[in-house]
Student: 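Structure incoming, see below.
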Amino acid sequence: MGKVHLIASGKGGTGKTMFAVNYGATLAMKGHSVVIIDMDLGMRNLDLYCGLENNVVYDVFDVMTGVCRIRQALIRDRRFENLCVMAAPPSKDDGTLTPLHMKVLCSRLREMFDYVIIDAPSGMEDGLVLAAAGADDCIIVTTPEYSSLRDADTLDREIVRLGIEKRYLILNKVVAEMMSAGYVPRLKEITTMMRPLLAGVIQQDENIHISTNLGVPIVMKNDTYIQHNFENIVERIEK
């Protein structure tokens with residue numbers, strides 16, 4: 001049976017979708033079968049980050065409402081041995097979907113893949129409750145700013161309330177010079193402030209920005225510090 005990771009953030013702009021794509025790609029490069037689901041209904045971006053926007057026919061809403069079968073909505077990323085993407089619909093849910101729909105979908109995908117990665121909507125709207133249903137754990141992506149950390153902490157409390165006990169923290173867009181100078185919170189302060197286990201730190205890098213715009217996961221570039229960093233993050237979370 002596969003494992004279901006929820007990727008969430010307390011606010012937009014933290015790099016949550018970038019992380020979901022590259023985390024899934026890293027797992028796939030290690031030989032695992034992976035599906036990444038865009039649950040940011042009405043704000044579809046995951047397909048763009050993967051460069052698969054022209055391949056979308058059916059989406060996750062179509063699957064959960066019975067319009068199509070699961071395999072019809074799976075978009076195969078042929079750059080990898082076994083990585084698929086399921087896009088979000090272009091419009092928001094009208095109240096049709098319930099957490100039970102998501103639990104059933106996750107249950108079926110567990111039988112098909114080693115890992116199911118759910119890219120949740122930012123913040124704590126109703127979409128979070130839907131996306132979190134069926135998840136085994138949650139990876140919270142934040143940035144080293146007090147407002148972002150406060151939102152991440154509030155999100156973490158909601159994740160616990162939803163019944164997800166195992167949570168991890170990813171600190172993204174870190175500028176080491178600013179942190180060492182004290183212009184942003186230091187790691188010790190952040191780890192004291194936040195309850196989830198810090199699983200990784202990702203430095204601010206223009207190459208990441210370029211890769212997302214090109215629709216190419218940055219971990220595909222072999223033997224770079226970013227690729228090694230994601231491999232280390234995967235090892236910490238999947239141990």
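Computed from a predicted model, the values in this text were never measured in an experiment. One-based numbering along the sequence shown.
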Student: What I want to find out is whether E189 reaches R186 closely enough, with some N-O distance under 4.0 Å, to be called a salt bridge.
Tutor: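 R186 and E189: not salt-bridged.
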Student: In Å and rounded to the nearest 0.5 Å, what is the CG to CD1 distance from L198 to I170?
Tutor: 7.0 Å
Student: Considering only NZ, NE, NH1 and NH2 on the basic side and carboxylate oxygens on the acidic side, decide whether D119 and K16 come within less than 4.0 Å.
Tutor: yes
Student: With the side chain counted from C-beta on, respond yes when I70 and L105 share a heavy-atom pair under 4.5 Å apart, and no when they do not.
Tutor: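 Yes - at least one pair of side-chain heavy atoms lies under 4.5 Å apart.
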Student: For F61 and V67, what are the C-alpha separation, side-chain angles and deciding distance, and is it a side chain to side chain contact (heavy atoms under 4.5 Å, CB included)?
Tutor: CA-CA 8 Å; F61 185 86; V67 172; over 6 Å; no
Student: Decide ring pair (Phe, Tyr, Trp, His ring centres under 6.0 Å) for Y23 and Y115; before the verdict, give the C-alpha distance in whole Å, the side-chain angles of both, and the deciding distance to 0.1 Å.
Tutor: CA-CA 11 Å; Y23 193 86; Y115 290 95; 7.7 Å; no
Student: Please report the closest heavy-atom contact between L128 and P121, naming both atoms and the distance.
Tutor: N-CG, 3.8 Å
Student: As an exercise, state the distance from CG of N55 to CZ of R76, rounded to the nearest 0.5 Å.
Tutor: 12.5 Å
Student: Verify the neighbour count for atom CZ of R69: are there more than 12 heavy atoms of other residues, nucleotides or ligands below 6.0 Å?
Tutor: no
Student: Find the distance between SG (C84) and CZ (R78) and round it off to the nearest 0.5 Å.
Tutor: 9.0 Å
Student: Starting at CG of L41, measure out to OG of S91 and round the result to the nearest 0.5 Å.
Tutor: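 Separation between the atoms: 8.5 Å.
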Student: Stepwise, does the side chain to side chain contact (heavy atoms under 4.5 Å, CB included) test hold for L187 with M179?
Tutor: CA-CA 8 Å; L187 282 179; M179 186 172 283; 3.9 Å; yes
Student: Does atom CZ of R150 have more than 12 heavy-atom neighbours, drawn from other residues, nucleotides or ligands, at distances under 6.0 Å?
Tutor: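 No, the 6.0 Å shell around CZ holds no more than 12 heavy atoms from other groups.
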Student: Verify whether one side chain among D114 and S33 offers a donor that lies under 3.5 Å from an acceptor in the other.
Tutor: yes
Student: Could you check whether atom CZ of R236 has more than 12 heavy atoms from other residues, nucleotides or ligands sitting under 6.0 Å from it?
Tutor: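 Yes, enclosed.
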Student: Could you tell me the separation between the CD1 atom of I75 and the SG atom of C50, rounded to the nearest 0.5 Å?
Tutor: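 Result: 8.5 Å between the selected atoms.
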Student: Taking atom CE as the centre, does M43 end up with more than 12 heavy-atom neighbours from other residues, nucleotides or ligands that are less than 6.0 angstrom away?
Tutor: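 No.
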Student: Answer yes if the side chains of H5 and D137 hold a donor-acceptor pair under 3.5 Å, and no otherwise.
Tutor: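 Result is yes, a qualifying pair exists.
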Student: Which residues satisfy the salt bridge (charged side-chain N to carboxylate O under 4.0 Å, His left out) test with E238, sequence neighbours excluded?
Tutor: K3
Student: Hey, is D40 close enough to R44 for a salt bridge, meaning N to O under 4.0 Å?
Tutor: no
Student: Closer than 4.0 angstrom, basic N to acidic O: yes or no for D156 and R161?
Tutor: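 Not counted as a salt bridge, because no side-chain N and carboxylate O are separated by less than 4.0 Å.
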Student: Is there a side-chain contact between T26 and E231 (heavy atoms, below 4.5 Å)?
Tutor: yes
Student: With heavy-atom distances below 4.5 Å as the criterion, would you say the side chains of N22 and M220 are in contact?
Tutor: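 Counting from C-beta outward, N22 and M220 never come under 4.5 Å.
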Student: Out of curiosity, I37 CD1 to F113 CZ, how far, rounded to the nearest 0.5 Å?
Tutor: 8.5 Å
Student: Among residues at least two apart in sequence or on other chains, which ones pass salt bridge (charged side-chain N to carboxylate O under 4.0 Å, His left out) with R79?
Tutor: D77
Student: Cut-off 3.5 Å, side chains only: do D205 and Y225 have a donor facing an acceptor?
Tutor: yes
Student: Step by step, would you call T224 with N207 a side chain to side chain contact (heavy atoms under 4.5 Å, CB included)?
Tutor: CA-CA 11 Å; T224 63; N207 291 304; over 6 Å; no
Student: Only one of I139, I190, V141, L197 passes side chain to side chain contact (heavy atoms under 4.5 Å, CB included) with L169; say which it is.
Tutor: I190
Student: Specify the closest pair of heavy atoms between I36 and A20, including all atoms of both residues, with the distance to one decimal.
Tutor: CD1-O, 3.8 Å
Student: With side chain to side chain contact (heavy atoms under 4.5 Å, CB included) as the test, would you mind laying out the steps for K11 and S122 before giving the verdict?
Tutor: CA-CA 5 Å; K11 62 186 295 185; S122 302; 5.8 Å; no
Student: In terms of heavy-atom contacts, does NE2 of H209 have more than 12 from other residues, nucleotides or ligands at under 6.0 Å?
Tutor: no
Student: Just checking, is any N or O donor in the side chain of T142 or T14 under 3.5 Å from an acceptor N or O on the other one?
Tutor: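 Checked: T142/T14 side chains show no N/O donor-acceptor pair below 3.5 Å.
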